[in-house]
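Since this is a predicted model, take the numbers as computed values, not measurements.
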Amino acid sequence: MAYDDSNIFAKILRGEIPNDMVMETEHTLAFNDIAPQRPVHVLVIPKGAYVSSDDFSARASDAEIADFFRTVGEVARQRGVAESGYRLISNAGEDGHQEVPHFHMHVIGGAPAGPMLKKQD
Ligand code: AMP
């Protein structure tokens with residue numbers, strides 16, 4: 001899937017729409033989800049143009065990948081959920097129910113996440 005730079009996270013990265021920033025590093029931005037599912041719900045995104053986890057892991061530099069996952073961990077620690085627990089979710093593509101086609105990791109915590117997935121009907 002080709003990267004479409006009209007997606008909302010690309011607009012956030014270009015400064016065209018605001019975000020509620022949690023932290024920023026050289027290659028990574030973390031900001032609060034606009035519709036939080038739990039008391040802590042942070043989105044971590046690479047600044048580079050990657051569609052999904054598989055795209056990111058295939059094309060990003062080692063520095064970008066290291067920076068991204070260090071930021072995911074730092075967000076969990078800084079938001080106080082590293083001890084109580086949290087869930088990482090990265091939806092990809094149609095079956096993954098990805099709404100925004102710029103790779104992102106949800107960091108969700110502050111209350112029990114519940115079962116991993118609903119059973120299929
Ligand atoms: P996904 O379904 O994994 O692609 O998740 C996209 C997430 O982006 C959802 O949790 C939305 O609530 C969130 N979202 C959409 N627009 C914004 C925005 N402008 N700022 C912060 N979060 C957003």
Taking all non-hydrogen atoms of both residues into account, name the closest pair between G110 and P39 and its distance.
-> O-CG, 3.7 Å
Provide the closest heavy-atom pair for V44 versus A30 in the form atom of the first, atom of the second, distance.
-> CG2-CB, 4.1 Å
Is V42 reachable from M105 through a run of I, L, V, M, F, W or Y residues, each pair having side-chain heavy atoms under 4.5 Å apart?
-> yes
What about the rings of H102 and H104, do their centers lie closer together than 6.0 Å?
-> no
Does the side chain to side chain contact (heavy atoms under 4.5 Å, CB included) test come out yes or no for M1 and D55, once each step is laid out?
-> CA-CA 9 Å; M1 188 196 207; D55 186 29; over 6 Å; no
Begin from the C-alpha positions of E99 and H97 and carry the test side chain to side chain contact (heavy atoms under 4.5 Å, CB included) through to its verdict.
-> CA-CA 6 Å; E99 289 172 6; H97 210 282; 3.7 Å; yes
With F103 as partner, the option from F9, F68, Y50 fulfilling ring pair (Phe, Tyr, Trp, His ring centres under 6.0 Å) is F68
Does Q98 reach the main-chain N or O of V51 with its side chain, forming a donor-acceptor pair under 3.5 Å?
-> yes
Are any of the side-chain heavy atoms of V107 and L88 separated by less than 4.5 Å?
-> yes
Check for a donor-acceptor pair, side chain of K47 on one end and backbone N or O of E64 on the other, with a separation under 3.5 Å.
-> no
With a cut-off of 6.0 Å (strictly less than), are more than 12 heavy atoms of other residues, nucleotides or ligands near CD of E16?
-> yes
Within the distance-only criterion (no hydrogens, no angle test), does the side chain of R87 pair as donor or acceptor with the backbone N or O of G114 below 3.5 angstrom?
-> yes
Answer yes or no: is there a donor N or O on one side and an acceptor on the other, between the side chain of R59 and the main chain of A49, under 3.5 Å?
-> yes
Mark yes or no for whether Q37, through its side chain, and A35, through its backbone, hold a donor-acceptor pair below 3.5 Å.
-> yes
Scanning both residues in full, the closest heavy-atom pair of R77 with R70 reads NH2-O, 4.3 Å
In terms of heavy-atom contacts, H106 and N91 come closest through NE2-ND2, 4.0 Å
All heavy atoms of D54 vs all of S52, minimum pair found to be OD1-OG, 2.9 Å
Any side-chain heavy atom of F31 within less than 4.5 Å of one from I12?
-> yes
